[in-house]
Amino acid sequence: YDPEAADRFFRARPLVALRRAAEIAFLSAGFVGKVLADKQLGREEAMVDRRSEELLQLVTRLGVTAIKVGQVLSIRPDLLPAPYAKGLEKLQDSVQPFPA
C-alpha cells in the first residue's frame, strides 16, 4: 500500500471518491431508515431477522471492502447487535468471487 500514490490518484480524480461516497450513502440510507423506523414503531424484535438479511445483502452489494469489514464485525458482537453479527457470519463462508 502506497498512501502517496493513493493520494495522487484520488486528487487527480476527485469525482471518483465523491461518487463512491454518494453510492454508499444512497444504498445505506434505506437500511438505516428501516432500522430507525423499526425502533420508532417498537418492532425491532419482530424485524431483526429480516434486517439482518438486508444488512448482509447491503454489505455484499457494497463490495470487497465492505465485505471485509462485515467479516470482522461478524465476530465482534460487542460492536454490533448479536443478530446482525450472526447474519454477517455468512460472509465467512460463502462470498461470491469478485473480478480482479
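One hydrophobic cluster, built from ILVMFWY side chains closer than 4.5 Å, cannot hold both Val72 and Leu91; they sit in different ones. In the hydrophobic clustering of ILVMFWY residues, with side-chain heavy atoms under 4.5 Å counting as a link, Val59 and Leu79 come out together.
Residues passing the side chain to side chain contact (heavy atoms under 4.5 Å, CB included) test with Ser52 are Tyr84, sequence neighbours excluded. Residues forming a salt bridge (charged side-chain N to carboxylate O under 4.0 Å, His left out) with Asp2 (at least two apart in sequence, or on another chain): none. Legend: residues meeting salt bridge (charged side-chain N to carboxylate O under 4.0 Å, His left out) with Lys68, ordered by chain and number and at least two apart, are absent. With sequence neighbours excluded, no residue forms a side chain to side chain contact (heavy atoms under 4.5 Å, CB included) with Ala12. The side chain to side chain contact (heavy atoms under 4.5 Å, CB included) check on Gln40 picks up nothing, with sequence neighbours excluded. Listed by chain and residue number, Asp38, Lys39 satisfy the side chain to side chain contact (heavy atoms under 4.5 Å, CB included) test with Glu44 (two or more places apart in sequence, or in another chain).
In the hydrophobic clustering (ILVMFWY side chains linked at under 4.5 Å, chained through shared members), Leu18 is joined by Leu15. Other residues sharing a hydrophobic cluster with Val16 under the 4.5 Å side-chain heavy-atom criterion for ILVMFWY residues are Phe9, Phe10. Annotation for Tyr1: hydrophobic cluster partners, listed by chain and number, are none (ILVMFWY side-chain heavy atoms under 4.5 Å, direct or chained).
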Please set out all donor-acceptor pairs under 3.5 angstrom arising from side-chain atoms of residues 23-32, sequence neighbours excluded.
{"residue": "Glu23", "atom": "OE1", "partner": "Arg20", "partner atom": "NH1", "Å": "2.9"}
{"residue": "Ser28", "atom": "OG", "partner": "Ile24", "partner atom": "O", "Å": "2.8"}

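Closest approach of Pro77 to Ala85, counting heavy atoms only: CA-CB, 4.3 Å. Heavy atoms only, all atoms of each residue included: Asp78 and Arg76 are closest at OD2-NH2, 2.6 Å.
Distance CG/Leu55 to CZ/Arg50: 15.0 Å, rounded to 0.5 Å. In this structure, NZ on Lys86 lies 4.5 Å from CD on Glu89, to the nearest 0.5 angstrom. Summarising the geometry, atom NZ belonging to Lys90 is positioned 10.0 Å from atom OG1 belonging to Thr60; distances are rounded to the nearest 0.5 Å. Atom-to-atom distance recorded for Glu54:CD and Met47:CE is 7.0 Å, nearest 0.5 angstrom. Here the CD1-CG distance, from Ile75 to Leu88, works out to 11.5 Å after rounding to the nearest 0.5 Å.
Within a 6.0 Å radius of CZ in Arg43, more than 12 heavy atoms belonging to other residues, nucleotides or ligands are found.
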